[in-house]
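Here is the structure we will look at.
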There are 2 protein chains.
Amino acid sequence: MGLTKSEIFTKEQNQIALIAKVLGHPARIAILDYLIRLKSCVCGDLVKQIGLAQPTISQHLKELKKVGIIKGTIEGTSVCYCINQENWDTIKSMLNKFLNKNTTDNCC
Amino acid sequence: MGLTKSEIFTKEQNQIALIAKVLGHPARIAILDYLIRLKSCVCGDLVKQIGLAQPTISQHLKELKKVGIIKGTIEGTSVCYCINQENWDTIKSMLNKFLNKNTTDNCC
DNA sequence: TCTATTTATTGCAATATTACGATAAAAGGA
DNA sequence: TCCTTTTATCGTAATATTGCAATAAATAGA
């Protein structure tokens with residue numbers, strides 16, 4: 001069916017999975033890596049930097065924007081994309097909360 | 001095409017994306033949530049706990065096992081699945097390294 | 001206004017993912 | 001040995017994702 005049964009999971013589980021899913025592509029990790037290193041950025045640079053076609057990059061940027069990790073502000077003919085620091089911090093603490101649930105040893 | 005161009009990204013970017021991808025499904029997050037809470041677990045319990053069909057759970061367990069987050073030891077007729085603590089720690093530190101790259105404010 | 005530049009959208013092909021019924025495989029107990 | 005229990009695998013349908021060519025949309029400058 002290819003259709004995730006979101007309704008049987010908790011809100012938190014769905015949120016974490018949604019974020020992880022967006023981070024689950026090397027192009028999007030590469031885009032974030034690049035944005036994190038810079039203070040600002042335009043899509044044109046990303047096309048050269050990442051090495052995928054412009055529509056593909058645009059699509060990945062859309063995904064990242066959808067969950068609020070990045071934001072784009074129109075700057076003349078081009079668009080300045082950057083990390084949405086506030087949201088990114090929220091997302092990071094959500095992920096950290098999940099990652100730090102497990103502290104002690106398990107069985108086996 | 002549906003085919004990720006892994007070859008144009010760094011090893012680290014691919015690794016992070018691969019792990020994030022596996023974490024990118026609420027069923028797998030729910031499974032990990034459950035395994036983390038317990039000391040051990042059998043798939044039978046998971047089928048009841050999660051609420052997906054047994055083959056579906058088995059498939060998700062396979063995904064988690066593929067990247068080493070969990071391990072399964074045969075225990076009679078059933079299988080004991082648990083967190084692979086050593087690997088999980090490695091994965092957590094990899095993700096944390098990525099999440100903590102960004103510390104200061106960006107532009108815009 | 002016309003043109004160049006930059007980014008978004010559309011449409012499509014190829015492949016991947018999700019889910020599950022049916023069935024196999026493996027092991028314990030009657 | 002036969003049956004039961006438990007988990008894995010196969011096969012398949014429905015949907016999602018990835019990537020890009022073509023094209024649209026928006027704006028700056030000549």
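Letters go in sequence order (proteins before strands), and every chain restarts at 1.
- In this structure, A:L3 atom CG and D:dA14 atom P are separated by 12 Å, rounded to whole Å.
- The NE2 atom of A:H25 sits 12 Å away from the P atom of C:dA16 (whole-angstrom rounding).
- Looking at residues two or more places apart in sequence or on another chain, you find a side chain to side chain contact (heavy atoms under 4.5 Å, CB included) between B:D45 and B:Y34, B:V42, B:K48.
- Heavy-atom distances under 4.0 Å link DNA chain C to no residue of residues 8-19 of chain A.
- Look at A:K21 and you'll find a side-chain N or O under 4.0 angstrom from OP1 or OP2 of D:dT17.
- Minimum heavy-atom separation, A:I69 to A:L32: CG2-CD2, 3.6 Å.
- For B:K5 and D:dC20, the shortest distance from a side-chain N or O to OP1 or OP2 is below 4.0 Å.
- For B:H60, whose side chain is taken as the heavy atoms from C-beta onward, the closest listed nucleotide among C:dA16, C:dA19, D:dT18 is C:dA19.
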- Given protein heavy atoms under 4.0 Å, the one-letter contact record of nucleotides 4-9 of chain D, with B base, S sugar-phosphate only and - none, is simply -BSBBB
Tabulate below the donor-acceptor pairs under 3.5 Å that side-chain atoms of residues 14-23 of chain A make, not counting sequence neighbours, or state none.
from, atom 1, to, atom 2, distance (Å)
A:N14, ND2, A:S6, O, 3.0
A:N14, ND2, A:T10, O, 3.2

Quiz: residues 58-68 of chain B side-chain donor-acceptor pairs under 3.5 angstrom, not counting sequence neighbours:
from, atom 1, to, atom 2, distance (Å)
B:H60, ND1, B:R28, NH1, 2.9

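- Backbone-only contact: A:L52 has heavy atoms under 4.0 Å from sugar-phosphate atoms and none from a base.
- Going from atom CD1 of B:I29 over to atom C1' of C:dT18 covers 16 Å, rounded to whole Å.
- The side chain to side chain donor-acceptor pair (under 3.5 Å) check on A:E12 picks up A:K97, with sequence neighbours excluded.
- Closest of all the heavy-atom pairs between B:F9 and A:A30 is CD2-CB, 3.9 Å.
- Annotation for A:K101 and B:D33: closest pair NZ-OD1, 2.7 Å, computed over non-hydrogen atoms.
- Each of A:R28 and A:G76 lies near DNA chain D, and the nucleotide nearest A:R28 is the one positioned closer to the 5' end.
- Nearest nucleotide to the A:T4 side chain, out of C:dT18, D:dG19, D:dT15: C:dT18.
- For the pair A:I70 and A:W88, the minimum side-chain heavy-atom distance is 4.5 Å or more.
- In this structure, the side chain of B:T90 engages the main chain of B:E86 through a donor-acceptor pair within 3.5 Å.
- Atom CD in A:E63 sits about 7 Å away from atom P in D:dT17, given to the nearest Å.
- B:I74 comes within contact range of no nucleotide atom at all, as no heavy-atom separation falls under 4.0 Å.
- What separates CD1 of A:I50 from P of C:dT7 is a distance of 14 Å, to the nearest Å.
- If you take CD of A:E75 and P of C:dT6, they are 14 Å apart, rounded to a whole angstrom.
- Going from atom NZ of A:K66 over to atom P of C:dT9 covers 13 Å, rounded to whole Å.
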